[in-house]
Amino acid sequence: MPVEFLGIGGTNDGSETSPRSGPSFDKQYTLRLARAHQEHGWDRVLFAYGSGSPDPAQVAAYVAGRVEGLGILLAHRPNVSYPTYALKTFATLDQISDGRLTVHFITGGNDHEQGREGDVLAKDERYARTREYIRIVKKGWTSREPFDHEGAHYSFRDFVSDVFPVQRPRPQVSFGGSSPAAYAAGGAEADVYCLWGEPLAETAQQIASVKEAARAAGRADAPRIQVAFRPIIAPTEELAWEKAHRILGELRHSRANPRRRPGGPPQNAGSLRLLEVAARGERHDRALWTPTAAATGAAGNSTALVGTPETVAQALLDYYDLGVEILSARGYAILEDAVDFGRHVIPLVRAEVARRDAARADAARADAAREGVAREGVARSGRGDDVRAGHGAA
């Protein structure tokens, strides 16, 4: 089973532990960060969405035209544009990037943040709207004939696009959420289903819920699974844990802490789940550490994997063993951590995955050979019985 790595396509050097040193869209930093990912083994980077942030589609186009080979995951909120407009934006970006685009649809888990851009729907209604939106986008990407649509949230007549994606039949669709409404929408429509880093047992439960939702929607397949973490690595375990506690102190005191943003406690199921895990204990499984989630109010991807590169690689492989194919990681010193993770963790995970794939292939060939020998033995036995039967008749 292949493994992929997703990093972050940030537009400035700010993080939860430190304010940015320049503008919100620092073009030179944006390129440095993207190139660091491209040069250190990452498959793609996420261009995230925020109500006041630089437009991720334009940032992604800027990077795609200057950094070759790096995949793009573009975050998009359905409330900000009509689906017929958005699908042309996506198709154009897929053309600019020569087929490197995946679109991540964000339903929105915070009423305050959604309201900043005029979205007043309740959460379950937002998921229903996202599901309808994705269906329209998919059809617009692939239909060469005009079509009509009459739905709960969108209505139009005789639409056909004149720009289509490079990818055939279409780019991949990414989706996330941890509520029943999210499972139903993403299980039906997503190619990739995104989760935040929970303990292995809870992650396995979520994967099962996604697969069940896909079956309920009549799919013969299921979305690929992505899980996100905040890795904290160092040459020794002792140094890694010193680094982790230093970062935790910075999170608790930083003015950049998302917990201080307006909007109150988290409303989305994913954040509530992370806070519940954090309340049960700080350390889980091999290397999962939850105080970083508690310190930020579980604002997004916020649980850490702490240890040496070898420890963190083995922890990631534990999730791979559950069926996770895409591993998302983002440090707190964004550029430096992207380089360190790419140098020291990604090669370990890829090497072990390659070793396991080779072992499975060898085992499959051995099984096929044994089955072939067994079938030949049965065939020979049958021919011998025929000969003996013929002698008896004579």
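Since this is a predicted model, take the numbers as computed values, not measurements.
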Verify same cluster id: [X], [Y] (apolar side-chain graph, 4.5 Å):
{"X": "Leu74", "Y": "Val166", "value": "no"}
{"X": "Leu327", "Y": "Leu200", "value": "yes"}
{"X": "Phe90", "Y": "Tyr85", "value": "no"}
{"X": "Val160", "Y": "Ile136", "value": "no"}
{"X": "Val306", "Y": "Ile334", "value": "no"}

Can you check side chain to side chain contact (heavy atoms under 4.5 Å, CB included) on Val45 and Ile72, steps first, answer last? CA-CA 5 Å; Val45 293; Ile72 292 165; 5.6 Å; no
So, Asp13 and Arg20, do they make that salt bridge, N to O below 4.0 Å? no
Is any side-chain heavy atom of [Y] closer than 4.5 Å to one of [X]?
{"X": "Leu348", "Y": "Glu310", "value": "yes"}
{"X": "Val103", "Y": "Val137", "value": "no"}
{"X": "Gln28", "Y": "Asp26", "value": "yes"}
{"X": "Leu335", "Y": "Tyr29", "value": "yes"}
{"X": "Val227", "Y": "Tyr193", "value": "no"}
{"X": "Tyr127", "Y": "Ser179", "value": "yes"}
{"X": "Val324", "Y": "Leu195", "value": "no"}

Minimum heavy-atom separation for [X] to [Y], with atom names?
{"X": "Val67", "Y": "Arg35", "answer": "CG2-CG, 3.7 Å"}
{"X": "Ala75", "Y": "Leu46", "answer": "CB-CD1, 4.1 Å"}
{"X": "Lys211", "Y": "Ala222", "answer": "CG-CB, 4.1 Å"}
{"X": "Phe164", "Y": "Gly140", "answer": "CE2-O, 3.7 Å"}
{"X": "Trp289", "Y": "Arg283", "answer": "CD1-CG, 3.7 Å"}
{"X": "Leu93", "Y": "Ala60", "answer": "CD2-CB, 3.9 Å"}

With distance as the sole criterion, is a donor-acceptor pair present between the side chains of [X] and [Y] under 3.5 Å?
{"X": "Thr102", "Y": "Ser174", "result": "no"}
{"X": "Tyr133", "Y": "Ser81", "result": "yes"}
{"X": "Thr290", "Y": "Glu282", "result": "no"}
{"X": "Ser178", "Y": "Gln206", "result": "yes"}
{"X": "Thr308", "Y": "Thr311", "result": "yes"}

Below 30° counts as parallel, above 60° as perpendicular, anything between as tilted: where do the rings of Phe156 and Phe159 land?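 Correct class here is perpendicular.
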Atom [atom1] of [X] and atom [atom2] of [Y]: how far apart are they, to the nearest 0.5 Å?
{"X": "Leu101", "Y": "Arg170", "atom1": "CG", "atom2": "CZ", "result": "11.5 Å"}
{"X": "Glu68", "Y": "Ser97", "atom1": "CD", "atom2": "OG", "result": "12.0 Å"}
{"X": "His76", "Y": "Ile134", "atom1": "NE2", "atom2": "CD1", "result": "10.0 Å"}
{"X": "Thr292", "Y": "Arg252", "atom1": "OG1", "atom2": "CZ", "result": "10.0 Å"}
{"X": "Gln226", "Y": "Glu4", "atom1": "CD", "atom2": "CD", "result": "9.0 Å"}
{"X": "Ile106", "Y": "Gln114", "atom1": "CD1", "atom2": "CD", "result": "8.5 Å"}

Please determine whether side chain to side chain contact (heavy atoms under 4.5 Å, CB included) holds for the pair Leu274 and Thr303, giving the CA-CA distance in whole Å, both sets of side-chain angles, and the decisive distance to 0.1 Å. CA-CA 8 Å; Leu274 293 187; Thr303 48; 4.0 Å; yes
Begin with the C-alpha distance, continue with both residues' side-chain angles, and end with the deciding distance and a verdict on side chain to side chain contact (heavy atoms under 4.5 Å, CB included) for Asp318 and Asp285. CA-CA 9 Å; Asp318 291 339; Asp285 302 322; 5.7 Å; no
Which residues satisfy the side chain to side chain donor-acceptor pair (under 3.5 Å) test with Asp321, sequence neighbours excluded?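 Result, side chain to side chain donor-acceptor pair (under 3.5 Å) vs Asp321: Arg356.
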Any residue meeting salt bridge (Lys or Arg N to Asp or Glu O under 4.0 Å) with Arg66, in chain and number order, not counting sequence neighbours: none
Evaluation steps, side-chain hydrogen bond (donor to acceptor under 3.5 Å, both in side chains), between Gln167 and Asp94: CA-CA 8 Å; Gln167 298 176 76; Asp94 201 51; 2.7 Å; yes
Counting N and O atoms only, with roles assigned by atom type, does the side chain of [X] sit under 3.5 Å from a partner on the main chain of [Y], one being a donor and the other an acceptor?
{"X": "Arg350", "Y": "Gly41", "value": "yes"}
{"X": "Thr17", "Y": "Leu251", "value": "no"}
{"X": "Asn12", "Y": "Ser24", "value": "yes"}
{"X": "Arg100", "Y": "Ala64", "value": "yes"}
{"X": "Trp141", "Y": "Leu87", "value": "yes"}
{"X": "Ser53", "Y": "Tyr49", "value": "no"}
{"X": "Glu250", "Y": "Ser18", "value": "no"}
{"X": "Lys243", "Y": "Ile233", "value": "yes"}
{"X": "Asn268", "Y": "Gly177", "value": "no"}
{"X": "Ser209", "Y": "Ile207", "value": "no"}

Mind running ring pair (Phe, Tyr, Trp, His ring centres under 6.0 Å) on Phe5 and His37 for me, showing each step along the way? CA-CA 10 Å; Phe5 287 91; His37 282 87; over 10 Å; no
Would you sort out whether Thr203 and Glu198 count as a side-chain hydrogen bond (donor to acceptor under 3.5 Å, both in side chains), showing the intermediate values? CA-CA 6 Å; Thr203 301; Glu198 298 185 9; 5.3 Å; no
Cation-pi check, Arg230 to Tyr332: give yes when NZ or CZ is under 6.0 Å from the six-membered ring centre and within 45° of the ring axis, no otherwise. yes
Is it true that the NZ or CZ of Arg330 lies under 6.0 Å from the centre of Phe229's six-membered ring and within 45 degrees of the ring axis?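 Not satisfied by the 6.0 Å and 45° rule.
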Step-by-step side chain to side chain contact (heavy atoms under 4.5 Å, CB included) determination, His104 to Cys194: CA-CA 9 Å; His104 180 64; Cys194 306; 3.8 Å; yes
Go through the steps for Glu276 and Arg280 under the test salt bridge (Lys or Arg N to Asp or Glu O under 4.0 Å), then give the verdict. CA-CA 7 Å; Glu276 190 276 328; Arg280 296 205 317 261; 2.7 Å; yes
Testing Glu132, Lys138, Arg131 one by one against Arg135 for a side-chain contact (heavy atoms from CB on, under 4.5 Å), which residue passes?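 Of all the options given, the one that passes is Arg131.
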